[in-house]
Amino acid sequence: QVQLVESGGGLVQTGGSLRLSCAGSGRSFSSYSIAWFRQAPGKEREFVATITKSGGSTDYADSVKGRFTVSRENAKNMVYLQMNNLNPEDTGVYYCAAAGFARPPTVSTRYEYWGRGTQVTVSS
């Protein structure tokens, strides 16, 4: 099993940047693909980004493509989400999730392990 803890959220103005971190604990962190999801108040949880076990491939939602970058350092059990040029539509609770699939899915129900989330608020 793996435990996940997100950090790095906060309040930022439109056009600003934040870097979120997802810290994993337990052995074999590199055995998991990692995804980022977000959920705004009154909205369904939506896919943001995924990264494969070795970090060799990434995928992004169209809404964040070109602005967000996901990366990982398996030796440190860490995954990052660099978010640039933020806008108010990016506001929500951001979660990282882990699954054993070699090709990480974009559907939240396929993930077994979740962090508790970190709040990101982008002001107009």
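Going from atom OG1 of Thr69 over to atom CG of Asn84 covers 6.5 Å, rounded to the nearest 0.5 Å. A distance of 8.0 Å separates CG in Asn74 from OG in Ser54, rounded to the nearest 0.5 Å. Between the CE atom of Met83 and the OG atom of Ser17 there is a distance of 8.5 Å, given to the nearest 0.5 Å.
Judged purely by atom type and a 3.5 angstrom limit, Arg72 uses its side chain to pair as donor or acceptor with the backbone of Thr52. In this structure, Thr118 contributes its side chain and Glu6 its backbone to no donor-acceptor pair below 3.5 Å. Of the possible donor and acceptor atoms, one in the side chain of Lys53 sits under 3.5 Å from a partner among the backbone N and O of Gly100. Judged purely by atom type and a 3.5 angstrom limit, Thr50 has no side-chain atom pairing as donor or acceptor with the backbone of Ala35. With Gln13 contributing its side chain and Val122 its backbone, the two residues share no donor-acceptor pair below 3.5 Å.
Pairs engaging residues 78-101 under the ring-ring contact (aromatic ring centres under 6.0 Å, His included) rule: none recorded [sequence neighbours left out]. Among residue pairs with one or both ends in residues 22-63, those qualifying as ring-ring contact (aromatic ring centres under 6.0 Å, His included) are Tyr32-Tyr113, Phe37-Tyr111, Phe37-Trp114; sequence neighbours excluded.
For the residue pair Ser124 and Pro88, the shortest heavy atom distance occurs at OG-CG, 3.6 Å. The two atoms that bring Arg110 and Pro105 nearest to each other are CB-CG, 3.6 Å, heavy atoms only. Heavy-atom minimum distance, Leu86 versus Arg67: CA-NH1, 3.9 Å. Closest of all the heavy-atom pairs between Val93 and Gly117 is CG1-CA, 3.9 Å. Across Leu81 and Ala49, no two heavy atoms sit closer than the pair CD1-CB, 4.3 Å. Val70 approaches Val79 most closely through the heavy-atom pair CG2-CG1, 4.0 Å.
Linking Ile, Leu, Val, Met, Phe, Trp and Tyr residues whenever their side-chain heavy atoms come within less than 4.5 Å places Leu20 and Val2 in a single cluster.
Partners of Asp59 under the salt bridge (charged side-chain N to carboxylate O under 4.0 Å, His left out) rule, at least two apart in sequence or in another chain, do not exist in this structure.
By the 4.5 Å heavy-atom criterion applied to side chains, Ser71 and Gln82 are not counted as neighbours.
Heavy-atom contacts from other residues, nucleotides or ligands closer than 6.0 Å to NZ of Lys43 number 12 or fewer.
Taking 4.0 Å as the cut-off between side-chain N and carboxylate O, Arg38 and Glu46 count as a salt-bridged pair.
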